[in-house]
J.: 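The following block contains the structure, expressed as structure tokens.
Remember, it's 1-based here, ligands and their atoms both numbered in the order they're listed. Keep in mind it's a predicted model, so treat the numbers as computed, not measured.
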Amino acid sequence: MALNIWVVGNGAREQAIKTACEKSKLSKSVKLIEEENCLELLSEVSQIPDLVILGPEQPICDGLVDEFTARGIKCIGVNKKFSQLESSKLFAKKFIVNHGIKCAKLLPIESNDFPQVMKFDGLCKGKGVKVLYNNDEKNVFARKFTGMRYFIEEYLEGEEISVMSYLYNGRLINFRPARDFKRLSAAKDAPNTGGMGAYTPVNLTDEQQIKLQIYLEKLEKSLLSEGADFNGFIYSGLIWTRGDWYVLEYNVRLGDPECQAILTNLKNDFLDILLNGAEPEYHDGVGACLTIAAEGYPEEPVKGDEITLPEDMNIDVYFAGVETKDGKLYSNGGRVLSLCTNSENPYPALKNYAEKIRMEHKYYRKDIDI
Ligand code: AMP
Ligand code: GLY
């Protein structure tokens, strides 16, 4: 039976998920549903969805998987209990430490060992973590999310990867590692963003591959030993340091823009993975994504620019912060568009395309490459 599907969320990640579902032989219709009030919408629509896929962290951390499941609707996403892996960095730290997974050591709050990292214990849209180099920075950042708990941990140095896994009927299905570009620019002190681009696969040494496999097996065991029984995505932010993978963070969803890179690279049917537990298969080459943001992002993005896309489009474009008015496109958020393609050397084509997009306050990273 082909399914009527809701994809909850309205960013570039959700657009990419929708497109992947539409390509599947297992789907009949796919609708993007705004995350606000999506439960209330159930009582208003004539057709209840057969499957709901939750994109962003907020509805997942609000417990929507439990709510949909209680109403008998099949839902892909992490349940409320395990969503704390993202919504509470302290919960995540306890999970990591209890299961003997490697991570940065906690430091006393008053530690003067710099650099060090401050992490706020809540959903902060990627802005609740900062590497600190002195006490002045520490004092300023500590006041940023007043009332929220935080902790300090040691600073780790190394290459980072994002590994997205899908827990399916008690088994972890792992996508190939991706790399995202978190900082706004190449500068060491540039602010963290949601992600300015991403690509997959990442070249790893044999040792890194083996250690990754060991880590992922440990993660699977740890989740199952605590009774994880949802079908949903777990994202591990890993750093290679001291000869092993250390966990920097967990998210309970697909990464944005890592998801776009993976889905661009994916060869087989995405819904066959989600619903039947098929192993992911990939195209040759590199799946890559480049984020077009608005100047001022991440603090105060300029909104309201008219956007004109070039006519000769041979890449995928997913809208994030875009509003349509009278048939015209306008920027309406920090990250505006995701440009994606799969090829041997994707970034020159993506940057060339980015250059041709007309948008007055356009910003993208010209330095990123595979
Ligand atoms: P998080 O949200 O915890 O992943 O942090 C966002 C980014 O901050 C990470 O991708 C890293 O680049 C950086 N970061 C977080 N924790 C550490 C750490 N202990 N050492 C070095 N960098 C870190
Ligand atoms: N790109 C990182 C994230 O989605 O959290």
J.: Going by the order shown, which atoms of ligand 2 are within less than 4.0 Å of some heavy atom of Tyr235?
T.: 2 (C)
J.: For atom CD of Glu300, decide whether the heavy atoms of other residues, nucleotides or ligands shown that lie under 6.0 angstrom number more than 12.
T.: no
J.: Looking only at heavy atoms, which two atoms of Leu132 and Met118 are closest? And how far apart?
T.: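 Reported closest heavy-atom pair: CD1-CB, 3.7 Å.
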J.: For a 4.5 angstrom cut-off between non-hydrogen side-chain atoms, does Tyr155 reach Phe114?
T.: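 Result no, sub-4.5 Å side-chain heavy-atom pair not found.
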J.: Relative to the heavy atoms of Gly255, which atoms of ligand 2 are at a distance of less than 4.0 Å?
T.: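 The atoms of ligand 2 under 4.0 Å from a heavy atom of Gly255 are 4 (O).
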J.: Given the side-chain rings of Phe230 and Phe82, with only the six-membered ring counted for Trp, is the space between their centroids under 6.0 Å?
T.: yes
J.: Would Tyr155 count as a polar contact of ligand 1, with the cut-off being nitrogen or oxygen pairs under 3.5 Å?
T.: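 For ligand 1, there is no N or O atom that lies under 3.5 Å from one belonging to Tyr155.
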J.: With a 4.0 Å cut-off on heavy atoms, is Glu154 in contact with ligand 1?
T.: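 Distance cut 4.0 Å: Glu154 passes for ligand 1.
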J.: Can you name the atoms of ligand 1, numbered from 1 with element, that are less than 4.0 Å from a heavy atom of Lys119?
T.: 3 (O), 15 (C), 16 (N)
J.: Determine whether the side chain, the backbone, both or neither of Leu248 has a heavy atom under 4.0 Å from any heavy atom of ligand 1.
T.: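 Leu248 to ligand 1: contacts from backbone and side chain alike.
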J.: For Glu57 and Asn251, indicate whether the former's side chain and the latter's backbone hold a donor-acceptor pair under 3.5 Å.
T.: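 No, the answer is negative, given that no donor and acceptor are paired below the 3.5 Å cut-off.
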J.: Looking at every non-hydrogen atom in both residues, tell me the closest pair between Phe91 and Leu85 and how far apart they are.
T.: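 It is CD2-N, 3.6 Å.
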J.: Does NZ or CZ of Arg176 lie under 6.0 Å from the centre of the six-membered ring of Tyr282, at an angle within 45° of the ring axis?
T.: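 Arg176 over Tyr282 ring: yes.
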J.: Mind checking whether Arg183 has a heavy atom under 4.0 Å from ligand 1?
T.: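 No heavy atom of Arg183 comes that close to ligand 1.
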J.: Is any side-chain heavy atom of Asp269 closer than 4.5 Å to a side-chain heavy atom of Ile273?
T.: no
J.: Does ligand 2 have any atom that is closer than 4.0 Å to a heavy atom of Arg253?
T.: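 The answer is yes: ligand 2 sits under 4.0 Å from a heavy atom of Arg253.
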J.: Under a 4.0 angstrom heavy-atom cut-off, which atoms of ligand 1 come close to Lys182?
T.: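 Here the atoms of ligand 1 in question are 10 (O).
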J.: Return the residue, atom name and 0.1 Å-rounded distance of the protein heavy atom closest to atom 12 (O) of ligand 1.
T.: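 For atom 12 (O) of ligand 1, the nearest protein heavy atom comes out as Glu160 OE2, 2.5 Å.
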J.: Can you tell me which residue and heavy atom of the protein come closest to atom 6 (C) of ligand 1, and the distance to 0.1 Å?
T.: Asn192 ND2, 3.8 Å
J.: Which one of Thr241, Val129, Leu107 has a non-hydrogen atom at the shortest distance from atom 8 (O) of ligand 1?
T.: Val129
J.: Quick one: look up the protein heavy atom nearest atom 2 (O) of ligand 1 and list residue, atom name and how far away it is.
T.: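 Here the nearest protein heavy atom works out to Glu249 OE1, 3.2 Å.
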J.: Would one find an N or O of Leu156, backbone or side chain, under 3.5 Å from an N or O of ligand 1?
T.: yes
J.: Quick one: look up the protein heavy atom nearest atom 18 (C) of ligand 1 and list residue, atom name and how far away it is.
T.: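 Nearest neighbour among protein heavy atoms for atom 18 (C) of ligand 1, to 0.1 Å: Val117 CG2, 3.5 Å.
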J.: Answer yes or no: is there an ion pair linking Arg253 with Glu86, defined by an N-O contact shorter than 4.0 Å?
T.: yes
J.: Should Asp121 and Lys89 count as an ion pair when the cut-off is N to O under 4.0 Å?
T.: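 Between Lys89 and Asp121 there is no salt bridge, as every charged N stays at least 4.0 Å from the carboxylate O atoms.
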J.: Quick one: does any side-chain atom of Lys80 pair with a main-chain N or O of Cys61 as donor and acceptor, under 3.5 Å?
T.: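 Between the backbone of Cys61 and the side chain of Lys80 there is a qualifying donor-acceptor contact (under 3.5 Å).
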J.: Do Asp180 and ligand 2 have an N or O pair less than 3.5 Å apart?
T.: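 So ligand 2 has an N or O lying under 3.5 Å from an N or O of Asp180.
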J.: Under 3.5 Å, N or O to N or O, is Gly194 touching ligand 2 that way?
T.: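 Looking only at distances, the answer is yes, because the N/O contact criterion of under 3.5 Å is met.
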J.: Just which atoms of ligand 1 are under 4.0 Å from any heavy atom in Ala104?
T.: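 Once the distances to Ala104 are compared, the set is 19 (N).
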J.: Just which atoms of ligand 2 are under 4.0 Å from any heavy atom in Asn251?
T.: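 Near Asn251, meaning under 4.0 Å from one of its heavy atoms, ligand 2 has 5 (O).
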J.: Please list, in number order, the atoms of ligand 1 under 4.0 Å from a heavy atom of Glu153.
T.: 16 (N), 17 (C), 18 (C), 19 (N)
J.: Quick one: is the NZ or CZ of Lys325 closer than 6.0 Å to the six-membered ring centre of Tyr330, and within 45° of its axis?
T.: yes
J.: I'd like to check whether Arg13 has a polar contact with ligand 2, where a contact means an N/O of the residue lying under 3.5 Å from an N/O of the ligand.
T.: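 Such a contact does not occur with ligand 2.
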J.: Less than 4.0 Å between a side-chain N and a carboxylate O, is that true for Arg365 and Asp367?
T.: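 Yes, charged N to carboxylate O under 4.0 Å.
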J.: Looking only at distances, please establish whether an N/O atom of ligand 2 is found under 3.5 Å from an N/O atom of Glu258.
T.: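 It does: an N or O of Glu258 is found under 3.5 Å from an N or O of ligand 2.
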